[in-house]
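What follows is a single structure, written as structure tokens, with notes after it.
Everything numeric in this text was worked out from a predicted model, so none of it was measured. Chain naming here is simple, since letters A, B, ... match the order of the sequence lines and numbering starts at 1 in each.
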Amino acid sequence: MAGSTNRRAVRWLRGQLPGLVAAGVISPENAQAIERHYGSEEASSSFAFILLAIVGSVLVSAGIILLIAHNWDEFSRPLRSAIAFLPLILAQALSVFVLLRRNESKPWRETAAIFDVAAVGTAISLISQTYQIQGTFASFMQIWLLLSIPVVYLLRTSFGAGMYLIGAVVWLFSIENFFGVRASPNLFWLFLALLVPYYVIRFRENRNSAETAILSILLAVAAAIGLGMTADFTRTNMGNLAFAGLATTIYLCGIIFFPREDGLHPVAFLGGLGVGIVAVVLSFEPLWNFHHRLTTQWVEWQSLGLAGQVAVGIQILFPVAAVILGLWAIIAHGPVRFSLVAFLLPFVTAVAWLEVYFCLGDCSFLAALLFDLYAFAFGVEVLVRGIRVRSVARANFGLLIIAGLAICRFFDTDLSFVERGVGFIVVGAGFLIANVIFFRKRATTS
Amino acid sequence: MTSFRLIIFAVIGLAQLSVPASVIWKREQTLRQGRVWKFKTAPVDPIDAIRGRYVALRFDAETVPHSENTIPGPVGTTMYVTLKEDAQGFAQVDHLNEMPITGDNVMKVKQGYASKDNEYRVVFPFNRFWVTEDDAAAAEKAYFENSRQGKQNAYAAVRVRESDAAIEDLFIDNQPLREYLRAHPQ
């Protein structure tokens, strides 16, 4: 109880500070010192409190949903409808209270946001059951997401933003194919775009916070899942190019917007990992066996329909973004701080794509070979950069890419067991020797 | 700043309330003013009969005999059907239309896959009947027993108005499902 009185008193005191400064009772420096004093005290305990508030609100919300979902059919339809609105109205009242009185308290904002979002979902689903509404789960998710996103902005809830992203991915998996007719995933990109301004606000506020890092990773992963679905929807063989663009974009964003003196930011690491994976995956020949659907003929482009055309546009957006971002970084920031080979990924993919697309006959082998060379070059570059900056992790990642490539080729090609065995020994020995040399070199220099 | 936030929240709050409210409004209109049609249920696969908390419904009238005036669209196309009553008073599809039409005998459907040459399949906008947790198991049994080959004794009463179709109740042996379950305790 003493604690809560204390917090209340602190809140009151902080509210009084601007007035006291204006009246000349204390100096602005004094006011700042008081703010700092109480600010540091609050920060230490607030993280645990936020976590507890989130867990508590999630549990209570889940309980309310289960109780209400019981579908009490002893009650009349209007009464059941009224019950459905009850949690929503209570949650909205709580949100108003928080906006008026607890706007600066993160735990309060997170709690109010969780209740409100859960109450919206509860109201819609209960009304749907009461009135035998036949909508699909996807259409329910769609409305729920659109009604929830403003709450993320207004109550500034990053937990809510994360949940919203997960919800958008759930929507993506719930869109049903009606008798084999594929449903368009384009709306997913609108859901994602609606969250971007919130992400930019968080980024500008504190780019180095764990909150921004987690949101960045969630955004990147969600975009990758969405891109997979979009490529699958159009079936225009654009997926290779789109994923190359996405991996490079994430990598470049990590390097340019999250610069670090020591090591890599998680976003840059994720992007680098993506570039490595895409490079190795694209070295498989079947990935370049195009089913020619989108040709240069205008008629076939039209056959995609508007949704298909938009989906193709979205896929092209990623390699274009990667190229613009890289060129901008080179022109604006001078000396290149990122891996040039990684930046080349969309270009190499475009060359391979055009080669397969315009070549007559079976041309997938050349494209796969190009990626064998590219993945090898990328592995070597990462290894060399790792050695240069004395990063064991980075050097080993370079080795891992080379080893991954080698292992894939062993399984991919018709080599005998003896040849494969020798190959594995060579790759493994390479790992060991490189690490021994690396550690020795580091020991002598230090 | 606070008043600005409150105004924004008022707009959001109204939107959150208006979505379920508009659903209620539209459905109440249909349930009060719509014309009642009885749709005889088709035999069901027992595995398919109940999924959690609703009875999955299939209808005889979803199979439309082939005739001159029916236009098959691609699967999944939205179409409008006019309804008519057969000799027993059950609803049947009369015409298929690609363009929207109005009336208390018009329903929005989707084109499905035909299994035979001389018929079309349409998919009605209602295929599940929500039941309470306690009734779920009994409802499944009752529906299955009365909706199989040789004993088709179930129908859904549906109100239709301005292309909106609202299930009013599921009838088994001419009794609403809840009354039937009370009269036939498990």
Side-chain angles (χ1 to χ4, degrees), chain A residues 66 69-75 77-78 80-82 84-85 88-89 91-93 95-96 98-101 103 112 116-117 119-136 140 143-144 146-156 176-183, chain B residues 1-28 30-31 52-54 57 74-78 110-113 121 123-136 156 158-159 164-170 177-178:
Chain A
L66 281 177
H70 179 72
N71 197 355
W72 311 83
D73 70 343
E74 301 85 56
F75 300 150
R77 229 164 29 210
R80 269 189 284 168
S81 306
F85 278 105
L88 182 54
I89 288 165
Q92 289 183 341
S95 299
V96 170
V98 170
L99 285 173
L100 278 175
R101 297 287 170 83
N103 194 28
D116 191 63
V117 168
V120 170
T122 311
I124 299 173
S125 54
L126 187 62
I127 297 294
S128 299
Q129 291 194 14
T130 306
Y131 282 88
Q132 302 287 349
I133 304 290
Q134 307 287 321
T136 58
F140 165 72
I143 293 170
W144 198 12
L146 290 175
L147 288 176
S148 303
I149 186 68
V151 178
V152 171
Y153 281 87
L154 203 62
L155 292 168
R156 303 181 315 281
E176 282 167 29
N177 294 332
F178 187 83
F179 286 115
V181 178
R182 310 173 83 78
Chain B
M1 194 62 189
T2 309
S3 55
F4 175 71
R5 283 207 182 102
L6 281 179
I7 292 167
I8 298 287
F9 186 76
V11 176
I12 298 167
L14 272 178
Q16 290 178 342
L17 290 169
S18 64
V19 168
S22 66
V23 169
I24 294 175
W25 172 254
K26 194 178 178 196
R27 271 294 140 109
E28 279 294 344
T30 308
L31 286 169
R53 302 272 309 286
Y54 60 84
L57 304 171
V75 169
T77 315
T78 300
K110 279 191 170 179
Q111 172 91 24
Y113 266 123
R121 293 274 304 173
V123 179
F124 289 162
F126 41 86
N127 55 13
R128 48 181 77 165
F129 187 76
W130 293 98
V131 290
T132 65
E133 210 178 354
D134 299 337
D135 287 344
V158 178
R159 293 260 186 184
D164 185 39
I167 294 194
E168 200 169 42
D169 219 328
L170 180 64
L177 178 69
R178 276 189 68 203

Original post:
chain B: which of Ser95(A), Ser81(A), Pro78(A), Ala123(A) shares the most heavy-atom pairs with it under 4.5 Å?
Top reply: Ser95(A)
Subject >> Which of Leu6(B), Ile24(B), Ile167(B), Val19(B) touches chain A most, by non-hydrogen pairs under 4.5 Å >> reply: Ile24(B)
Original post:
Where is the tightest heavy-atom contact between Glu28(B) and Tyr131(A), given as atom of each residue plus distance?
Top reply: OE2-OH, 2.6 Å
Original post:
Where is the tightest heavy-atom contact between Arg128(B) and Gln132(A), given as atom of each residue plus distance?
Top reply: O-OE1, 3.7 Å
Subject >> Contact class of Leu99(A) relative to chain B, heavy atoms under 4.5 angstrom >> reply: both
Original post:
Picking from Leu154(A), Leu155(A), Ile124(A), which has the most non-hydrogen pairs under 4.5 angstrom with chain B?
Top reply: Leu154(A)
**OP:** With a 4.5 angstrom heavy-atom cut-off, could you sort out which part of Ser128(A) is near chain B: side chain, backbone, both or neither?
**Re:** backbone
Original post:
How long is the gap from CH2 on Trp130(B) to CG on Leu126(A), to the nearest 0.5 Å?
Top reply: 10.5 Å
Subject >> Greatest number of heavy atom pairs closer than 4.5 Å to chain B - which of Ile143(A), Val120(A), Ile133(A) >> reply: Ile133(A)
**OP:** Please flag which part of Leu146(A) lies under 4.5 Å from any non-hydrogen atom of chain B: side chain, backbone, both or neither.
**Re:** neither
Original post:
In terms of heavy-atom proximity below 4.5 Å to chain A, should Leu17(B) be classed as side chain, backbone, both, or neither?
Top reply: both
Only pairs under 3.5 Å count here: list side-chain donor-acceptor contacts from residues 9-16 of chain B, not counting sequence neighbours, and write none if there are none.
residue, atom, partner, partner atom, Å
Gln16(B), OE1, Gln92(A), NE2, 3.0
Gln16(B), NE2, Asp116(A), OD2, 2.7
Gln16(B), NE2, Leu147(A), O, 3.4

